[in-house]
Amino acid sequence: MKNFIKSGNKIFISPKGMEYELENGRVYTLKYNEWEGAAYFEINENINIPNKIYGNNYDSFINRILQWHKRDDVNNTGILLSGMKGSGKTLTSKIIAKKSDLPIIIVDNNFPSRKLSDTFKKISGNYCMIFDEIDKNERYWDSSQLLGFLDGIETVCKKLVLFTCNDENFANENLIDRCSRIRYYKKFEGLDNDSISNLINEIIKDDKQKQTKCLDLINKFKVKSFDNIINFLHEVQLYPDSKELDLLNDLNIEIQN
């Protein structure tokens with residue numbers, strides 16, 4: 001291996017290591033070294049998706065995203081998933097990423113958005129990227145720079161880019177109603193009564209009295225999210241001899257007065 005590499009009139013010390021291509025289905029974290037001013041990828045563990053998924057009926061939405069991105073005339077596909085905490089948006093982004101069968105890049109919270117375009121001008125290929133909770137990271141992820149990153153004017157790679165956020169109003173001016181950049185947008189709402197009843201019946205089986213008690217308590221939840229409801233029901237399922245209210249009082253779930 002030579003000690004230097006030449007790019008135009010510039011000569012750089014050759015980096016040590018082996019040639020590598022990002023692998024389909026494998027997960028990487030995109031990071032940035034401020035001291036060296038360099039982006040790099042770190043091999044990550046596989047995306048964690050529960051074996052049993054409750055209440056997620058977005059198959060047609062996910063299939064449309066993947067079919068669109070596979071088109072030859074599409075460079076970048078942006079997706080924005082917003083909604084209350086624990087509503088299923090992050091899980092849905094993981095499912096989309098997994099089904100894409102592309103190298104999955106999770107963008108580190110400290111990666112500056114201003115460096116994204118420069119980084120991806122240097123590489124080719126087709127990648128799935130996840131920016132989780134962009135509304136909580138205004139310091140590093142400027143929404144106008146993220147839109148510029150999606151333009152794809154100077155890039156030679158193809159990107160399926162997933163954004164999640166809790167507060168849909170944080171950057172509506174830049175991200176909403178921009179189908180050329182964010183093609184798909186889904187808002188995750190709190191569960192309605194029918195969805196809650198279906199979850200109860202699915203997890204707490206063949207016990208009408210316990211189902212009714214669970215429904216009464218869930219109706220008092222301040223946040224009626226998949227996360228809270230499913231974890232409460234699993235607790236009831238695991239400890240059938242305990243009182244439902246006692247189990248609820250030990251969980252990190254706030255009750256309305």
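Side chains included, hydrogens not; waters and symmetry mates left out as well; all remaining heavy atoms used.
For Phe232 and Phe221, the ring centers are positioned less than 6.0 Å apart.
In this structure Asn231 satisfies the side chain to side chain donor-acceptor pair (under 3.5 Å) test together with Asp227, sequence neighbours excluded. For Arg71, the salt bridge (Lys or Arg N to Asp or Glu O under 4.0 Å) partners are Asp73, not counting sequence neighbours. By the side chain to side chain donor-acceptor pair (under 3.5 Å) test, Glu235 is found to be paired with no residue, residues two or more places apart in sequence or in another chain being considered. Remark: Thr29 engages Asn44 in a side chain to side chain donor-acceptor pair (under 3.5 Å) (not counting sequence neighbours). By the ring pair (Phe, Tyr, Trp, His ring centres under 6.0 Å) test, Phe111 is found to be paired with Tyr32, residues two or more places apart in sequence or in another chain being considered. Listed by chain and number, the residues in a side chain to side chain donor-acceptor pair (under 3.5 Å) with Lys31 are Glu42 (sequence neighbours excluded). Applying the salt bridge (Lys or Arg N to Asp or Glu O under 4.0 Å) rule to Lys136 yields the partners Glu133; only residues at least two apart in sequence or on another chain are considered. In terms of the salt bridge (Lys or Arg N to Asp or Glu O under 4.0 Å) criterion, Arg114 has no residue partners (sequence neighbours excluded). Under the rule for a salt bridge (Lys or Arg N to Asp or Glu O under 4.0 Å), Arg183 has no partner lying at least two apart in sequence or in another chain. Here Phe163 pairs with Phe131 under the ring pair (Phe, Tyr, Trp, His ring centres under 6.0 Å) rule; sequence neighbours left out.
For Asn76 (side chain) and Lys159 (main-chain N/O), a donor-acceptor pair under 3.5 Å exists by modelled atom type. Listed for the Tyr185 side chain is no donor-acceptor partner under 3.5 Å among the backbone atoms of Cys179. In this structure a side-chain-to-backbone donor-acceptor pair under 3.5 Å is present from Ser113 to Tyr140. A donor-acceptor pair under 3.5 Å links the side-chain atoms of Asn228 to the main chain of Val223, judged by distance alone. Checked by atom type and distance alone, the side chain of Lys89 never pairs as donor or acceptor with a backbone atom of Lys187 at under 3.5 Å. For the pair Lys85 (side chain) and Asn166 (backbone), a donor-acceptor distance under 3.5 Å is absent.
Looking only at side-chain heavy atoms (C-beta outward), Lys99 and Asp59 come within less than 4.5 Å of each other. Side-chain contact between Leu233 and Cys214: present, with at least one pair of heavy atoms (C-beta onward) separated by less than 4.5 Å. Within the 4.5 Å cutoff, side-chain heavy atoms of Thr77 are placed close to those of Tyr184. Within the 4.5 Å cutoff, the side chain of Tyr20 has heavy atoms near those of the Ile43 side chain. Between Val107 and Trp141, some side-chain heavy-atom pair lies under the 4.5 Å cut-off. Between Leu116 and Gln145 the shortest side-chain heavy-atom distance does not fall below 4.5 Å. A heavy-atom distance below 4.5 Å is found between the side chains of Asn219 and Asn193. Side-chain contact between Ile47 and Ile130: present, with at least one pair of heavy atoms (C-beta onward) separated by less than 4.5 Å.
Residue pairs meeting the side-chain hydrogen bond (donor to acceptor under 3.5 Å, both in side chains) criterion with at least one member in residues 122-132, sequence neighbours excluded: His69-Asn126, Thr90-Asp132, Asp132-Thr164.
The heavy-atom pair separating Thr119 from Ala39 by the smallest distance is OG1-CB, 3.6 Å. The two atoms that bring Ser87 and Ser225 nearest to each other are N-CB, 4.3 Å, heavy atoms only. When all heavy atoms are compared, the tightest approach of Ile196 to Ile218 is CG2-CG2, 3.8 Å. What you find for Asn24 and Pro103 is that their closest heavy atoms are OD1-CD, 3.0 Å.
Salt-bridge check for Asp118 with Lys121: passed, with a basic side-chain N closer than 4.0 Å to an acidic carboxylate O.
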Donor-acceptor contacts under 3.5 Å from residues 242-253 side chains, at least two apart:
unit_1: Glu244; atom_1: OE2; unit_2: Lys210; atom_2: NZ; d: 2.8
unit_1: Asn249; atom_1: ND2; unit_2: Leu245; atom_2: O; d: 3.3

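Residue Glu34 places its CD atom among more than 12 non-hydrogen atoms of other residues, nucleotides or ligands, all under 6.0 Å distant. Summarising the local packing, CZ of Phe61 is surrounded by more than 12 heavy atoms from other residues, nucleotides or ligands at distances under 6.0 Å. When the shell of 6.0 Å around CD of Gln256 is examined, it contains more than 12 heavy atoms from other residues, nucleotides or ligands.
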Evaluate the side-chain contact (heavy atoms from CB on, under 4.5 Å) criterion for residues Ile123 and Leu22: first the C-alpha distance (whole Å), next the side-chain angles of each, then the deciding distance (0.1 Å), finally the verdict.
CA-CA 11 Å; Ile123 59 178; Leu22 301 190; 5.8 Å; no
After noting the C-alpha distance and the side-chain angles of Ile95 and Tyr58, does the key distance pass the side-chain contact (heavy atoms from CB on, under 4.5 Å) rule?
CA-CA 10 Å; Ile95 294 171; Tyr58 304 126; over 6 Å; no
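Distance CG/Leu160 to CE/Met129: 10.5 Å, rounded to 0.5 Å.
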